[in-house]
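Predicted model, so just to flag it, every value in this text is computed and none were measured. Starting from 1, each residue takes its place in the sequence as its number. Heavy-atom basis, side chains included; hydrogens, waters and symmetry copies ignored.
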Amino acid sequence: MDDATTAVARTVAAALFDLAFATMVGALASSALLQDTSSDWAARAARRCRGLFMRASLLALAASLAWIEVQAIALSELPPLQALAAVGGLVVDTGFGRAWAAATLALATGVAVAFARRYRPVPLRALGVTTTAIAVARACTGHAVAHGFGWQVPTQAVHAL
């Protein structure tokens, strides 16, 4: 894969992740606002928000997996199937990989919590904590940690939220 294709694929994967994450945060915030209302409209809207959160979570998870694969292709300069083997080394040996793993683990936890409690009220606190963990870990994958874990990381995480 040439450099231009890799750059486009990296940008598309990161943009899909960011859009899906923003949708997750919006759906979760809307669910929180609708929690104390008792109208039929609010109940239907809360169900739609839950479904939107679940779909956005799955899209973010898929985009995250595509993103690490593109990063592995870019760093190892291997074909896509062979670059899958390099993902483990990328996660273990780089700060980006560890931050990506933390974000993906938090995202998978959020997906599991949302699907496990599918027919019960939305666990807002648990999903809020996982969403915050995703934002902090995502901030650690970029330039915010270039000079260590300073004020830039929380600022970037709040920006993402």
Side-chain angles (χ1 to χ4, degrees), residues 6-72 74 87 90-92 94-161:
T6 304
V8 168
R10 184 182 309 146
T11 303
V12 168
L16 280 175
F17 180 87
D18 289 343
L19 288 171
F21 182 70
T23 304
M24 288 170 54
V25 172
L28 192 60
S30 297
S31 294
L33 291 172
L34 293 168
Q35 182 180 13
D36 293 332
T37 58
S38 60
S39 71
D40 290 338
W41 175 86
R44 286 191 309 273
R47 281 193 301 275
R48 285 194 304 271
C49 287
R50 178 185 214 111
L52 182 61
F53 180 86
M54 290 178 167
R55 289 187 301 276
S57 298
L58 292 174
L59 177 61
L61 190 58
S64 179
L65 295 173
W67 189 28
I68 194 69
E69 172 64 9
V70 171
Q71 287 294 101
V87 169
L90 183 63
V91 170
V92 172
T94 65
F96 167 83
R98 289 187 293 275
W100 170 86
T104 304
L105 181 63
L107 183 56
T109 301
V111 168
V113 166
F115 275 98
R117 296 186 50 97
R118 192 174 193 169
Y119 300 106
R120 296 186 185 138
V122 176
L124 293 173
R125 285 191 179 114
L127 293 177
V129 168
T130 59
T131 303
T132 302
I134 294 166
V136 171
R138 176 71 166 94
C140 290
T141 63
H143 296 290
V145 294
H147 302 291
F149 194 91
W151 62 270
Q152 297 95 338
V153 173
T155 302
Q156 181 68 29
V158 168
H159 171 72
L161 289 170

Sorted by first residue and then second, give each ring-ring contact (aromatic ring centres under 6.0 Å, His included) pair with at least one member in residues 10-43; sequence neighbours left out.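 Not a single pair qualifies under ring-ring contact (aromatic ring centres under 6.0 Å, His included).
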Of the non-hydrogen atoms in Ala46 and Leu34, which two are nearest, and what is the gap between them? N-CD1, 3.7 Å
Nearest non-hydrogen partners of Ile134 and Ala106, listed with the distance: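 Nearest pair, atom of Ile134 first, then Ala106: CG1-CB, 3.6 Å.
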Could you measure the distance from the CD atom of Gln71 to the OG1 atom of Thr6? Nearest 0.5 Å is fine. 9.5 Å
To the nearest 0.5 angstrom, please state how far the CD1 atom of Ile68 sits from the CZ atom of Arg10.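 These two atoms lie 11.0 Å from each other.
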Which pairs with one or both residues in residues 16-31 pass side-chain hydrogen bond (donor to acceptor under 3.5 Å, both in side chains), sequence neighbours excluded? Asp18-Arg138
Do any N or O atoms from the side chain of [X] and from the backbone of [Y] form a donor-acceptor pair under 3.5 angstrom?
X: Thr130; Y: Leu127; value: yes
X: Trp100; Y: Ser64; value: yes
X: Arg98; Y: Val92; value: yes

I'd like a table of donor-acceptor pairs (distance under 3.5 Å, sequence neighbours excluded) in which one partner is a side-chain atom from residues 53-63, with atom names and distances.
| unit_1 | atom_1 | unit_2 | atom_2 | d |
| --- | --- | --- | --- | --- |
| Arg55 | NH1 | Gly51 | O | 3.4 |
| Ser57 | OG | Phe53 | O | 2.7 |

